[in-house]
Visitor: 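This structure is in C-alpha cells; I'll ask about it shortly.
This is a predicted model, so every value here is computed, not measured. Just follow the structure's listing: the first ligand is 1, and inside any ligand the first atom is 1.
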Amino acid sequence: MIKPIIVGNWKMNTNSYEAYEISSYLVNHINEINSVDKVICPPHIYLPTLHNLVSTSNLHLGAQNMFYKNNGAYTGEVSALMLKEYCEYVILGHSERRTIFSENDDLINKKTKAAIINNIKPIICVGENISERESGSAKNIIRNQILNSLKSIDIDENITIAYEPIWAIGTGIAATPEIAQEMMKHIRSVIKNDFNTNIANKIRILYGGSVTDNNTLEYLSLPDINGCLVGGASLDSKKFSNIVQMASKL
Ligand code: 13P
C-alpha cells in the first residue's frame, strides 16, 4: 500500500504567531500518527522558525513555490538550494501560480528538475478550469500538463501529483468523488503509459479543492487517491488534525 500524504497549503496566510500556534498544535496532537506523511507549507518567511519547532517531530515542511536557479540576480525569488535546509517538499505549478503569476509548464518543468537535484520532493499541481471541463477537454489538459511538467525527468515515487480542479479551489464546490476518481485514474494511466508502469503503481496522487474534515473520507476511500492537498481547512489546526486522523484509519 502507498503511504498516504496530507499536505496543508497555507497560501499567503497567517502571521508569525498564528503560524507557530498551528504548527505547535499539530506537533502536540498528531505527532504519534506515523502511517500518514503530514506536511505543512507555510509562507517562506516562517520556515526557519517552524523548522526549529518541528525538527524533532514527524511533521514535515514544504514550500509553496521556488525558482529554478540556485542563486543570482533574481530579485524576490527563493531557490531550492536555500529551501532544502528547511523543507522536504515543494508545491510547484499551483493554479494560483499559473493564473496570477503566468507560470507555464516549461517553467514548472525547470523548477521540478531543480527541486529533484536538490533533494526536495516536488508536489506538482495540475487542474482544468471550468470552461475546459465544460468543453470536455479536461483530460487532455491534465495529460499535457503532466507530460510537459515532467518532460525529460526520470521520475520516481518522490514526485507527487496533485489534481486540483481550478473551479473547486476556495469555492466550497468540491469535485464529486466520481470526478476526482476519474481524473486520478487518468493521471495514473498517463504515468503508466507515458513514463513508467512500476512508478505509476507507487506515485502518490492527491486531490485538492475545498477539502474539509467533512468530505475527506469520501475522497480517501477512492482507489486512485493517496491523500489530499488542503488549502483553507489547513489553517484550522483541529480540522487539519481530523483530516490526518481520517487518513490514518484507512
Ligand atoms: P482550498 O482547500 O481552500 O479549496 O484550496 C485548495 C488548494 O488550492 C490547495 O493547494
Visitor: Indicate whether the side chain of Asn129 and that of Arg98 have a donor and an acceptor atom separated by less than 3.5 Å.
Guide: no

Visitor: Flag this pair as yes if the NZ/CZ of Lys69 is under 6.0 angstrom from the six-membered ring centre of Tyr74 and inside a 45 degree cone about the axis; otherwise no.
Guide: no

Visitor: Give the residue, atom name and distance (to 0.1 Å) of the protein heavy atom nearest atom 3 (O) of ligand 1.
Guide: Gly232 N, 2.8 Å

Visitor: Do Gly209 and ligand 1 have an N or O pair less than 3.5 Å apart?
Guide: no

Visitor: Examine the proximity of ligand 1 to Ile169 and report which part, side chain or backbone, both or neither, has a heavy atom under 4.0 Å away.
Guide: both

Visitor: Using a strict 4.0 Å cut-off to heavy atoms of Lys11, name the atoms of ligand 1 that fall inside it.
Guide: 5 (O), 6 (C), 7 (C), 8 (O)

Visitor: With salt bridge (charged side-chain N to carboxylate O under 4.0 Å, His left out) as the criterion, how do Lys3 and Asp37 come out once you've worked through the C-alpha distance, each side chain's angles and the decisive distance to 0.1 Å?
Guide: CA-CA 7 Å; Lys3 190 175 185 185; Asp37 282 334; 3.1 Å; yes

Visitor: Is any side-chain heavy atom of Val54 closer than 4.5 Å to one of His60?
Guide: no

Visitor: Should you measure from each heavy atom of Ser210, which atoms of ligand 1 turn up under 4.0 Å away?
Guide: 1 (P), 2 (O), 4 (O)

Visitor: So Tyr219 and Tyr207, would you call those rings parallel, tilted or perpendicular, with 30° and 60° as cut-offs?
Guide: parallel

Visitor: List ligand 1 atoms under 4.0 Å from His94, heavy atoms only on the residue side.
Guide: 7 (C), 8 (O), 9 (C), 10 (O)

Visitor: With the side chain counted from C-beta on, respond yes when Thr14 and Pro43 share a heavy-atom pair under 4.5 Å apart, and no when they do not.
Guide: yes

Visitor: Quick test: of every protein heavy atom, which one is nearest to atom 7 (C) of ligand 1, and how far off is it to 0.1 Å?
Guide: Glu164 OE2, 3.1 Å

Visitor: What are the two closest non-hydrogen atoms of Ala19 and Tyr46, and how far apart are they?
Guide: CB-CD1, 3.7 Å

Visitor: For ligand 1, which atoms have a heavy atom of Ala168 less than 4.0 angstrom away?
Guide: 4 (O)

Visitor: May I ask you to identify the nearest protein heavy atom to atom 2 (O) of ligand 1, giving residue, atom name and distance to one decimal place in Å?
Guide: Gly231 N, 2.9 Å

